[in-house]
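Numbering of residues begins at 1 and proceeds along the displayed sequence.
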Amino acid sequence: MVAPGAPSASAAPPNATTTVRCESDASGKPPPGGWYHGESASYLYDRRFREGPILSKEQLGRYTPQAIAYWKDWDDNGRDALLIVTYVSGGADDRAKIIAVDANTPHRLLGWVMVDKRSAGEMPTHAGGMAIGGGHLFLSGPQESDSIRHYALADVRNALQQKGSISPKGADRKVYGQSFMTVDGNKLYAGRFNLGSRDWMYRYTIKDDGRLETDPKPGGNGKMRYEVPKGTQGVAKAGNTMFFSTSLGRNVRSNFYATDAGETNLDKARPRCFRGPGMSQGIAIDAARNRLFLNYESGSHKFDDRSGDPARNIIRGAHIAKLEDVTSVPGGTLELGTLPTPTRRTRSS
């Protein structure tokens with residue numbers, strides 16, 4: 001069951017015509033207070049983020065976190081949840097698992113949901129993209145499928161309360177990429193991870209039944225799409241700002257970007273960028289409380305101190321920043337065709 005209407009899967013990646021400088025000034029020591037494992041990512045990161053909801057080593061003993069989504073008043077009782085979707089490596093049950101933690105109370109587990117497949121023989125999902133909007137939960141489809149599935153949010157709520165499972169509604173939606181996604185209003189943004197270069201993210205309108213309709217460019221000439229940074233793992237939108245998290249492996253730092261959401265060309269979107277801990281993944285926004293959540297996969301058994309090659313930074317959950325602290329960051333600088341040399345490096349907020 002695959003719905004038609006996907007953007008071209010063969011679209012060539014965009015060509016960068018500028019260089020974005022990501023502010024990397026750091027102490028080379030653990031962050032003040034040691035609130036995450038490993039070397040400090042950057043002064044800018046450490047002064048903007050703090051520890052958020054985390055998962056236990058037991059929860060991460062089999063599963064690896066990927067995307068996150070913020071769910072306000074998930075139980076109609078005033079409690080807010082942060083959904084963290086995880087994939088599993090090996091075993092008879094290779095379904096993804098969504099773990100719900102209290103967005104406001106550290107270490108409080110609210111429940112979990114298993115994500116059923118359409119058939120036992122299909123590929124599992126890598127769970128890179130997840131978002132909530134219009135009464136639906138959207139999730140990356142099976143690996144190599146470039147499709148998005150949607151689930152009734154009421155079903156997710158019931159399954160969470162019972163530690164049950166959810167099944168997709170309607171047909172899979174074929175898309176250009178679903179490595180990461182976010183929802184803003186009735187618009188869903190989804191794009192493709194590219195290890196070697198920038199790539200594309202398309203915008204869709206969410207219909208009442210959960211179907212996704214690809215938005216045209218203004219004027220109707222082509223499809224509405226955005227350039228995204230190399231190695232994009234997560235995206236979120238708040239007002240006029242688009243956020244991206246990028247990661248290229250366990251031994252390098254991540255990048256955190258803030259760009260002008262009204263500009264689809266990354267070179268012209270006034271990108272600001274600074275280094276973050278390695279292996280960042282999904283981003284979620286809590287606009288009512290002025291918060292941004294940034295998730296990490298490095299706490300998984302695949303990358304932590306249980307593995308033979310631990311990640312540069314081991315983080316067992318999400319970090320939080322105030323939106324106002326990351327919408328106008330001073331770290332990144334962009335000039336056409338040049339890499340500017342500042343008179344001094346930015347150390348203060």
For this session: Can you establish whether the number of heavy atoms outside N221 located under 6.0 Å from its atom CG is more than 12?
Result: no
Seminar exercise, completed: Looking only at heavy atoms, the pair that brings A41 and A26 closest together is O-CB, 3.8 Å
For this session: Just do the side-chain contact (heavy atoms from CB on, under 4.5 Å) check on F180 and M201 with the steps written out, would you?
Result: CA-CA 9 Å; F180 49 89; M201 174 178 74; 4.0 Å; yes
Problem set entry | Note, H37 side chain near I315 side chain (heavy atom, < 4.5 Å) | no
Seminar exercise, completed: One should read off an interatomic distance between L60 CG and R306 CZ, to the nearest 0.5 angstrom, of 6.5 Å
For this session: Please work out whether the ring planes of H136 and H150 are parallel, tilted or perpendicular, with thresholds of 30° and 60°.
Result: perpendicular
For this session: Would you check if the side chain of D73 reaches a backbone N or O of N77 as a donor-acceptor pair within less than 3.5 Å?
Result: yes
Exercise. Is D305 atom CG crowded by more than 12 heavy atoms from other residues, nucleotides or ligands, each under 6.0 Å away?
Worked result: yes
For this session: Answer yes if V326 and L44 sit in the same cluster of Ile, Leu, Val, Met, Phe, Trp and Tyr residues linked by side chain heavy atoms under 4.5 Å apart, and no otherwise.
Result: yes
Exercise. Could you give the distance from CE (M130) to CE (M181), rounded to the nearest 0.5 Å?
Worked result: 9.5 Å
Exercise. Looking only at heavy atoms, what is the nearest atom pair of P31 and G38, with distance?
Worked result: CD-O, 3.4 Å
Exercise. With a 4.5 Å heavy-atom cut-off, do T19 and R21 have their side chains touching?
Worked result: no
Problem set entry | Heavy-atom closest pair, residues K169 and D155 | CE-OD2, 3.0 Å
Exercise. Which pair of heavy atoms, one from V235 and one from T182, lies closest together, and at what distance?
Worked result: O-CB, 3.3 Å
For this session: Check whether any side-chain heavy atom of L83 lies under 4.5 Å from a side-chain heavy atom of W74, and answer yes or no.
Result: no
Exercise. Once the angle between the rings of Y45 and Y296 is folded into 0 to 90°, is it parallel (under 30°), tilted (30 to 60°) or perpendicular (over 60°)?
Worked result: perpendicular
For this session: Report the C-alpha separation of R250 and S307 in whole Å, then their side-chain angles, then the decisive distance to 0.1 Å, and conclude whether the side-chain contact (heavy atoms from CB on, under 4.5 Å) test is met.
Result: CA-CA 12 Å; R250 71 178 73 201; S307 70; 4.1 Å; yes
Problem set entry | D309 atom CG, over 12 foreign heavy atoms within 6.0 Å | yes
Problem set entry | Distance-only side-chain donor-acceptor flag, T214 / R173, under 3.5 Å | yes
For this session: Applying side-chain contact (heavy atoms from CB on, under 4.5 Å), run through S300 and Y63 and close with a yes or a no.
Result: CA-CA 7 Å; S300 162; Y63 293 92; over 6 Å; no
Exercise. Ignoring hydrogens and geometry, is there a side-chain-to-backbone donor-acceptor pair from T64 to T86 under 3.5 Å?
Worked result: no
Exercise. When hydrophobic residues are tied together by side-chain contacts of less than 4.5 Å, even through go-betweens, does I68 share a cluster with L139?
Worked result: no
Exercise. Hey, does Y176 have a side-chain heavy atom less than 4.5 Å from the side chain of K223?
Worked result: no
Exercise. Regarding R203 and the six-membered ring of Y226, is the cationic atom NZ or CZ under 6.0 Å from the ring centre and inside 45° of its axis?
Worked result: no
Problem set entry | Heavy-atom side-chain contact between Y87 and D94 under 4.5 Å | no
For this session: Output yes when a side-chain donor or acceptor of R253 lies under 3.5 Å from a complementary backbone atom of S24, and no otherwise.
Result: yes
Problem set entry | Shared hydrophobic cluster, F293 / W35 (ILVMFWY, side-chain heavy atoms < 4.5 Å) | no
Exercise. Is the shortest heavy-atom distance from the side chain of P14 to the side chain of L266 under 4.5 Å?
Worked result: no
For this session: State the CD-CH2 distance between Q162 and W112, to the nearest 0.5 angstrom.
Result: 11.0 Å
Exercise. Can you tell me if S245 uses its side chain to pair, donor with acceptor, with the backbone of G234 under 3.5 Å?
Worked result: yes
Exercise. Pick from R211, K117, R118: which one makes a salt bridge (charged side-chain N to carboxylate O under 4.0 Å, His left out) with D172?
Worked result: R118
Problem set entry | Sidechain N-carboxylate O distance under 4.0 Å for E227, R198 | yes
Exercise. Is the backbone N or O of Q178 less than 3.5 Å from a side-chain atom of S140, with the two atoms forming a donor-acceptor pair by type?
Worked result: yes
Problem set entry | The single option from Q281, R316, K302, Q233 passing side-chain hydrogen bond (donor to acceptor under 3.5 Å, both in side chains) against E297 | Q281
Exercise. To the nearest 0.5 Å, how far apart are CG in N295 and CD1 in I283?
Worked result: 10.0 Å
Exercise. Which distance, rounded to the nearest 0.5 Å, do you find between the CD1 of I99 and the CG of L160?
Worked result: 11.0 Å
For this session: Look up atom OH in Y202 and atom OG1 in T264, then write down how far apart they are to the nearest 0.5 Å.
Result: 11.5 Å
Exercise. Would a 4.5 Å heavy-atom cut-off, applied to side chains only, mark D146 and K174 as touching?
Worked result: yes
Exercise. Okay, side chain of D260, backbone of G262: is any donor-acceptor separation there less than 3.5 Å?
Worked result: no
Seminar exercise, completed: What one should report as the nearest heavy-atom pair of M279 and S247 is CA-OG, 3.2 Å
Exercise. Taking atom CD of E324 as the centre, does the number of heavy atoms from other residues, nucleotides or ligands within less than 6.0 Å exceed 12?
Worked result: yes
For this session: Answer yes or no: is there a donor N or O on one side and an acceptor on the other, between the side chain of R291 and the main chain of A103, under 3.5 Å?
Result: yes
For this session: Would you mind telling me which of L137, L153, L82, D80 makes a side-chain contact (heavy atoms from CB on, under 4.5 Å) with W71?
Result: L153
For this session: Look only at the side chain of R95 and the backbone of M114, and say whether a donor-acceptor pair between them is shorter than 3.5 Å.
Result: no
Exercise. Do D215 and T205 have a side chain donor and acceptor closer than 3.5 Å?
Worked result: yes
For this session: Before accepting this row, confirm whether a basic side-chain N of the pair R149/E122 lies closer than 4.0 Å to the acidic partner's carboxylate O.
Result: yes
Exercise. Can you say whether the rings of F49 and F256 are parallel (under 30°), tilted (30 to 60°) or perpendicular (over 60°)?
Worked result: perpendicular
For this session: Go through I132 and V183 one step at a time and tell me if the side-chain contact (heavy atoms from CB on, under 4.5 Å) criterion holds.
Result: CA-CA 6 Å; I132 291 174; V183 165; over 6 Å; no
Exercise. Regarding N313 and S298, is there a side-chain donor-to-acceptor distance under 3.5 Å anywhere?
Worked result: no
Exercise. More than 12 heavy atoms of other residues, nucleotides or ligands under 6.0 Å from CG of N15: is that the case?
Worked result: no
Seminar exercise, completed: Looking only at heavy atoms, the pair that brings K57 and D304 closest together is CE-OD2, 4.3 Å
Exercise. With a 4.5 Å limit on heavy-atom distance, are the side chains of P124 and Q143 in contact?
Worked result: yes
